[in-house]
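Just so it is clear: chains get the letters A, B, ... in the order the sequence lines come, proteins before strands, and each one is counted from 1.
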Number of protein chains: 2
Amino acid sequence: MSNICDHNRCKKSARKAAEHLCKELGVRFTTHRRRVFEIIWQSHKAMSAAQIMQQMDNSQPPITYRALDFLKNAGLIHHVTSLNAYVGCLHTQNPNHIGQLLICTSCYNIVELEPKTAIEKLTFEAKQHGFRPNQTHIEMLGTCKDCLKNERNA
Amino acid sequence: MSNICDHNRCKKSARKAAEHLCKELGVRFTTHRRRVFEIIWQSHKAMSAAQIMQQMDNSQPPITYRALDFLKNAGLIHHVTSLNAYVGCLHTQNPNHIGQLLICTSCYNIVELEPKTAIEKLTFEAKQHGFRPNQTHIEMLGTCKDCLKNERNA
DNA sequence: TTTGCAACTGTTACAGTTTAACAATAAAGA
DNA sequence: TCTTTATTGTTAAACTGTAACAGTTGCAAA
Ligand SMILES: [Zn+2]
Ligand SMILES: [Zn+2]
Ligand SMILES: [Zn+2]
Ligand SMILES: [Zn+2]
């Protein structure tokens with residue numbers, strides 16, 4: 001969780017990936033979409049639709065929800081279903097990867113594990129059941145290192 | 001997915017576990033709670049709160065939500081966050097196990113994998129990050145064997 | 001048995017979240 | 001330029017979940 005990232009670098013890289021991807025898909029990275037994207041990328045924390053909307057000059061809900069749908073479908077963000085929130089994804093190289101998230105319920109920072117960490121066995125089991133996977137959510141809620149430290153010092 | 005279960009047996013077993021657990025916890029398995037429990041256990045399909053409420057004679061929301069909270073906290077059902085729905089849990093022996101669900105988005109049948117299938121690596125990674133897990137969701141959405149077969153025949 | 005506490009229920013009203021629908025614009029290509 | 005498609009603006013409504021508080025029930029101690 002630790003903010004050990006050079007976050008300007010995170011943002012820049014994400015932005016670049018987004019622009020590249022949109023060009024490739026022949027879709028537009030419009031103002032609203034870019035706006036929501038930047039808001040989400042302010043940090044590695046999960047953000048709810050409502051929080052995002054607030055920063056969108058309280059624009060009407062459809063504006064934000066459409067942008068979120070767009071970004072999600074493009075694989076640029078993850079929907080954190082257990083929090084009903086969103087977070088930026090850095091693994092845009094393979095847009096079909098499965099998000100495996102460590103989510104701190106104290107500070108809402110999120111670390112995304114490298115693709116394939118826990119997924120192999122799950123995929124194997126699915127195959128055993130004749131199940132065709134389409135979308136997978138792996139979300140571990142808990143407390144991150146930093147927040148644990150703060151707990152102890154409190 | 002396949003309804004290869006003797007579902008009366010599933011229900012009976014779940015009911016027994018629920019009664020046992022409530023006794024052990026010193027809480028009551030009241031009418032509403034039992035009602036919601038039975039509704040959820042009609043099948044292995046995910047059910048939304050709204051669907052459940054319909055079958056509760058359209059009783060007021062708090063009735064149903066309270067019962068759902070109770071059952072969830074008791075470990076008798078799983079909250080399927082990616083669908084915002086609920087499903088019965090058969091692994092009531094260890095109430096703190098992690099639900100690992102194969103969810104068919106065509107028929108909404110759910111198979112729950114045995115505890116520990118995919119979780120080891122995830123837990124290992126969490127430890128590497130100094131993260132203390134508290135609650136984990138592993139949900140694979142897709143199409144089950146039966147629905148795949150129907151697709152081909154359609 | 002009575003009394004008192006805690007768990008549970010009933011009910012109202014509200015807050016929060018998401019979507020439908022459709023008209024208006026803007027961009028891209030023929 | 002004209003046509004088509006993607007995107008936006010706007011309103012209103014549907015859906016989902018909760019706060020608050022009064023009433024009731026079960027249980028156990030006095
Ligand atoms: Zn960063
Ligand atoms: Zn990702
Ligand atoms: Zn069954
Ligand atoms: Zn379970």
Side-chain angles (χ1 to χ4, degrees), chain A residues 18-19 21-40 46-87 105 108 135 137 139 141, chain B residues 18-19 21-40 45-74 76-87 105 108 135 137 139 141:
Chain A
E19 274 156 8
L21 187 59
C22 287
K23 192 159 289 177
E24 197 164 295
L25 296 175
V27 291
R28 276 175 279 160
F29 200 33
T30 62
T31 312
H32 293 327
R33 291 168 178 176
R34 182 180 297 270
R35 194 87 177 285
V36 170
F37 181 86
E38 294 290 337
I39 290 168
I40 287 179
M47 294 198 72
S48 69
Q51 288 175 315
I52 294 167
M53 259 184 285
Q54 273 185 9
Q55 294 195 39
M56 294 282 288
D57 301 324
N58 289 303
S59 66
Q60 296 305 322
I63 302 289
T64 298
Y65 281 105
R66 283 167 183 159
L68 286 172
D69 273 359
F70 172 85
L71 295 171
K72 176 156 56 75
N73 292 332
L76 294 167
I77 62 176
H78 286 293
H79 182 208
V80 185
T81 65
S82 51
L83 297 180
N84 196 15
Y86 301 85
V87 71
T105 49
Y108 295 101
Q135 194 193 6
H137 299 268
E139 302 177 2
L141 308 180
Chain B
E19 274 156 9
L21 187 58
C22 287
K23 192 159 290 179
E24 196 164 296
L25 297 175
V27 291
R28 276 176 278 162
F29 200 34
T30 62
T31 311
H32 293 326
R33 292 168 177 177
R34 183 180 296 271
R35 194 85 177 285
V36 170
F37 181 86
E38 294 290 337
I39 289 168
I40 287 179
K45 292 182 193 294
M47 294 198 73
S48 69
Q51 287 175 315
I52 293 166
M53 260 184 285
Q54 273 185 10
Q55 294 195 39
M56 295 282 288
D57 303 323
N58 288 305
S59 66
Q60 295 305 321
I63 302 291
T64 298
Y65 283 105
R66 284 168 184 161
L68 285 172
D69 275 359
F70 172 84
L71 296 171
K72 176 156 56 75
N73 292 332
L76 294 167
I77 62 176
H78 285 293
H79 181 208
V80 185
T81 64
S82 51
L83 298 179
N84 195 12
Y86 301 84
V87 72
T105 49
Y108 294 101
Q135 193 193 5
H137 299 270
E139 303 176 3
L141 308 179

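For the pair B:Gln51 (side chain) and B:Ser48 (backbone), a donor-acceptor distance under 3.5 Å is present. In this structure, A:Arg33 contributes its side chain and A:Arg28 its backbone to a donor-acceptor pair below 3.5 Å. Looking only at distances, no side-chain donor or acceptor of B:Glu139 sits under 3.5 Å from a matching main-chain atom of A:His137.
Dashed line: the shortest gap from a side-chain N or O of A:Thr30 to OP1 or OP2 of D:dT8 is under 4.0 Å. For B:Asn84 and C:dT18, the shortest distance from a side-chain N or O to OP1 or OP2 is not below 4.0 Å.
What separates NZ of B:Lys72 from C1' of D:dG17 is a distance of 12 Å, to the nearest Å. Taking atom CD on B:Gln54 and atom C1' on D:dT16, their separation rounds to 14 Å, with Å as the unit. Atoms CD (A:Gln51) and C1' (C:dG16) sit 13 Å apart, rounded to a whole Å. Between the P atom of C:dA7 and the CZ atom of B:Phe29 lies a distance of 19 Å, rounded to the nearest Å. Rounded to a whole Å, the CE atom of A:Met53 is 9 Å from the C1' atom of C:dG16. As rounded to whole Å, 15 Å separates atom C1' of C:dA7 from atom CG of B:Asn73. In this structure, the CD1 atom of B:Ile52 is 10 Å from the P atom of D:dG17, given to the nearest Å.
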- [ ] Do nucleotides 24-30 of chain C as a string where each nucleotide becomes B, S or -: B if the base has a protein heavy atom under 4.0 Å, S if just the sugar-phosphate does, - if no protein is that close.
- [x] ---S---

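In this structure, CZ on B:Arg35 lies 11.0 Å from CD1 on B:Ile63, to the nearest 0.5 angstrom. In this structure, A:Met53 CE and A:Tyr65 OH are separated by 4.0 Å, a value rounded to the nearest 0.5 Å.
Of the residues listed (B:Val87, B:Ile77, B:Ile39), the one engaging B:Met47 in a side chain to side chain contact (heavy atoms under 4.5 Å, CB included) is B:Ile39, and it is the only one.
Listed by residue number, A:Gln60, A:Pro62, A:Ile63, A:Arg66 are the residues of residues 56-69 of chain A with a heavy-atom contact under 4.0 Å to DNA chain D.
Applying the side-chain contact (heavy atoms from CB on, under 4.5 Å) rule to A:Gln60 yields the partners A:Pro62; only residues at least two apart in sequence or on another chain are considered.
When all heavy atoms of B:Ala49 and B:Thr64 are compared, the pair lying nearest together is O-CG2, 4.2 Å.
Residues B:Thr81 and A:Thr81 bring a donor and an acceptor atom of their side chains to less than 3.5 Å of each other.
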